[in-house]
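Below is one structure, written out as structure tokens, with a few remarks after it.
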Amino acid sequence: MHELQLVAMGHAEAEMAWQERGLCAQTDPEAFFPEKGGSTREAKKVCVGCEVRQECLEYALSNDERFGIWGGLSERERRKLKKRAV
Ligand code: SF4
């Protein structure tokens with residue numbers, strides 16, 4: 001394989017690694033994408049103890065993720081955070 005391809009692959013893997021360490025990977029993923037008006041409490045509880053919370057939140061913010069709980073914040077909370085940041 002071309003050397004550059006290998007470098008690119010390594011980079012992609014490094015970027016994905018935090019998701020594998022995310023606690024939500026071991027729990028019910030549905031809790032992280034509640035129905036409109038549904039409870040986000042369970043998901044947030046999991047995020048509190050998650051070691052990649054920061055990476056997760058940054059990923060969601062930079063990719064403009066609209067749905068679900070990321071890094072312990074709901075979409076509304078992330079919107080607020082973004083507004084404050086600009
Ligand atoms: S912070 Fe929450 S949503 Fe993000 S990986 Fe950890 S448990 Fe999952």
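Indexing begins at 1, ligand by ligand and atom by atom, following the structure's order.
- The line from CG of Leu73 to NZ of Lys80 is 10.0 Å long, rounded to the nearest 0.5 Å.
- Between Trp70 and the options Glu77, Arg53, Glu65, a side chain to side chain contact (heavy atoms under 4.5 Å, CB included) holds for only Glu65.
- Summarising the geometry, atom OG belonging to Ser74 is positioned 13.0 Å from atom CZ belonging to Phe32; distances are rounded to the nearest 0.5 Å.
- Around atom CZ of Phe33, more than 12 heavy atoms belonging to other residues, nucleotides or ligands sit under 6.0 Å away.
- Rounding to the nearest 0.5 angstrom, the gap separating the SG atom in Cys56 from the CG atom in Leu61 is 9.5 Å.
- Ring geometry for Trp18 versus Tyr59: interplanar angle of 30 to 60°, hence tilted.
- Listed by chain and number, Cys47 SG are the protein N/O/S atoms closer than 2.8 Å to atom 2 (Fe) of ligand 1, with waters left out.
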